[in-house]
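I have placed the structure first, in the form of structure tokens, so that the comments after it can refer back to it.
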There are 2 protein chains.
Amino acid sequence: MAASATREKIITSADRLFYERGFEATSFADVAKAVGISRGNFYYHFKTKDQILDAVIERRIKDRHDMLNDWVDDRQTPKQCVASFIGILLMNNKKIRSFGCPVGTLFSELAKLHHPSESGARKLFDLFRIWLRRRFEDMGRPHDADALAMHILARSQGAATLANAYPNEPFLENEVNQMIAWLDAVADQNAKKD
Amino acid sequence: MAASATREKIITSADRLFYERGFEATSFADVAKAVGISRGNFYYHFKTKDQILDAVIERRIKDRHDMLNDWVDDRQTPKQCVASFIGILLMNNKKIRSFGCPVGTLFSELAKLHHPSESGARKLFDLFRIWLRRRFEDMGRPHDADALAMHILARSQGAATLANAYPNEPFLENEVNQMIAWLDAVADQNAKKD
DNA sequence: CCATGATTGGGACAATTGTCCCAATTCGTC
DNA sequence: GACGAATTGGGACAATTGTCCCAATCATGG
């Protein structure tokens, strides 16, 4: 098999395992078994575990980047874009209830480990933050766009954490509705000023 | 030294290490070194690592329980009580910026590990949830007290996660101010109905 | 002061970890 | 079909893990 294809399969399996079990709790052997290759072969594709982590982070950044920009390209209004962002919580609600937010939980773990890739994980937050900020700017909020972006990012993180703690409750849906209502209020505030 | 005193020192050190480094990333040897006892001696006080974790969770529950009830005993109004809860974020802002929320990050890790003590960690959330619910009930919100409690809990979790990701920004203070403003609005809503 | 039980440190144990090597196999190309 | 490079599996390696045992030391009551 082509090396690049095996490499992609490794990243895919590692991505899922790092999310579901955590980075440290996932061993080389776990990933190798999931991919269906030997531990020895593994070394041919990635020299260290940290290299896999970096590849996984890079993959996640690319995936999220494409998802966000698709919404913009689809001619969604800035408000619709932010609503789509909030909708991620419902789109992935099953996984979030089981494992929390892939961005937040990875960052928390790497921060505690003082892992060199902590800054890489923060780039995932940056991606969402900058994209959201731009949307709020386009909504006519140049002065507080960043604060609004951080606010909705924090609300999402909190909702994911609590949904993970209480997976069998309608909490997540309620919280999403409140966030959409908040978004409406932000947009209305703008309409008044115009 | 009395066995009980050594035991308390072990719990204190483990509590800090589990918070700062995570449960899995903290080894028996780490805790033993922090306490200043030998690894062999350790076994005399705790048979397994999971037993230490349970003791740490129990300790955290007791500490938070006492803190919350002190506010009630101090004749603070229900609204003041909730404000004090929100104020935890500022009181512990340095630690939160470095290591996130002790409750949320521990729960996330144990959830990923499918650790038996996941339910114990959830009790920490329950403690805050039930206490907050009671305060909102006392504020005259019997119908949506639980939803309000969950909401403020989620907001706190999200604020802690983002403060951990962006420790050098005034974000946490802004978010606390917004939460206090939200609390005022909830209380005002009540005043109108009266 | 001694005897008894509580507490301790040193170290053994198998299992697993990330890392690394190397001989065998597979593959594309001539 | 043969050659050379790409890819593979099996296994070695030291280090660390949680767990456990045991002999030495301590404190205390007789």
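All of these numbers come straight from a predicted model, not from anything done at the bench.
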Are Arg60(A) and Asp63(A) ion-paired here, with the side-chain N under 4.0 Å from a carboxylate O?
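A salt bridge is absent here (no side-chain N lies under 4.0 Å from a carboxylate O).
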
ring-ring contact (aromatic ring centres under 6.0 Å, His included) contacts in which one or both residues fall within residues 154-174 of chain A, not counting sequence neighbours
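Those involving residues 154-174 of chain A do not exist here.
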
Just how far, in rounded Å, is [atom2] of [N] from [atom1] of [X]?
| X | N | atom1 | atom2 | value |
| --- | --- | --- | --- | --- |
| Arg7(A) | dT8(D) | CZ | C1' | 17 Å |
| Phe46(A) | dC20(C) | CZ | P | 15 Å |
| Tyr44(A) | dA5(D) | OH | P | 12 Å |

Would you call Asp50(B) and His115(B) a side-chain contact if the rule is heavy atoms closer than 4.5 Å?
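The answer is yes; the side chains approach within 4.5 Å.
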
Kindly indicate whether the side chain of Phe125(A), heavy atoms from C-beta on, has any atom under 4.5 Å from the side chain of Thr161(B).
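Touching, per the 4.5 Å side-chain cut-off.
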
Reading nucleotides 9-18 of chain D 5' to 3', which nucleotides get B (base under 4.0 Å from a protein heavy atom), which S (sugar-phosphate only), which -?
BBBB----SS

Applying the 4.5 Å side-chain criterion to the ILVMFWY set and letting contacts propagate, would Val82(B) and Met91(B) be lumped into a single cluster?
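Linked, Val82(B) and Met91(B) end up in one cluster.
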
Presence of Tyr43(A) side-chain N/O under 4.0 Å of dC20(C) phosphate oxygens OP1/OP2
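Yes, because at least one side-chain N or O of Tyr43(A) sits under 4.0 Å from OP1 or OP2 of dC20(C).
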
Within less than 4.0 Å of OP1 or OP2 of dT7(D), is there a side-chain N or O belonging to Thr6(A)?
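For Thr6(A), the contact criterion (side-chain N or O under 4.0 Å from OP1 or OP2 of dT7(D)) is not met.
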
Tell me if a side-chain donor or acceptor on Lys49(B) pairs with a main-chain N or O of Ser27(B) at a distance below 3.5 Å.
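Checking the backbone N and O of Ser27(B) against the side chain of Lys49(B), no donor-acceptor pair under 3.5 Å is found.
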
